[in-house]
Amino acid sequence: MSPIGSITSAFPALPLNPTEKVTQSSPTAAPSGAGFGSMLEGLVNTVNSKEAAANSMTNDVMLGNTSSLHQSVIAMQEASTALSLMVQVRNKLVESYQELMRMQV
């Protein structure tokens, strides 16, 4: 599984041809009644669950309950990458909002 697999699967695949119509055929796509906020909430919950899993695995290694140090490190890297992606998405959203506010009506 890729480090950001569950996050990228929340976004529908964009077409390669810019004239193609974008459809939400992804199984994890938000239902038609759900909005943009619920999609972002799902992404935050995904990052939170990755961090919780990484913390749990790290605690198990530190307490000696398991010897899979490599899986703990991989889980920490997945959580770190997911958090970095979420921060970059947030930065782009804030930048877009600020650009819209600078537009003259």
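The CG atom of Asp60 lies 12.0 Å from the CG atom of Leu69; values are rounded to the nearest 0.5 Å.
The side-chain heavy atoms of Leu85 and Thr81, taken from C-beta on, include no pair separated by under 4.5 Å. Using a 4.5 Å cut-off on side-chain heavy atoms (C-beta onward), His70 and Ser68 make contact. Side-chain contact between Arg90 and Val87 is present, with heavy atoms from C-beta onward closer than 4.5 Å.
By the side-chain hydrogen bond (donor to acceptor under 3.5 Å, both in side chains) test, Thr58 pairs with Ser72, sequence neighbours left out.
Asn45 contributes a side-chain N or O that, together with a main-chain N or O of Glu41, makes up a donor-acceptor pair within less than 3.5 Å. Side-chain atoms of Ser96 come within 3.5 Å of backbone N or O of Lys92 as a donor-acceptor pair. No donor-acceptor pair under 3.5 Å is formed between the side chain of Ser56 and the backbone N or O of Ala52.
With hydrophobic clusters built from ILVMFWY side chains whose heavy atoms lie under 4.5 angstrom apart, Phe36 shares a cluster with Val89. Taking hydrophobic clusters as Ile, Leu, Val, Met, Phe, Trp and Tyr residues chained together by side-chain heavy-atom distances below 4.5 Å, Leu83 does not share a cluster with Met76.
The two residues Lys50 and Ala82 make their nearest non-hydrogen contact at CD-CB, 3.8 Å. Minimum interatomic distance between Ala75 and Met57 (heavy atoms only, all atoms of both residues): CB-SD, 3.6 Å.
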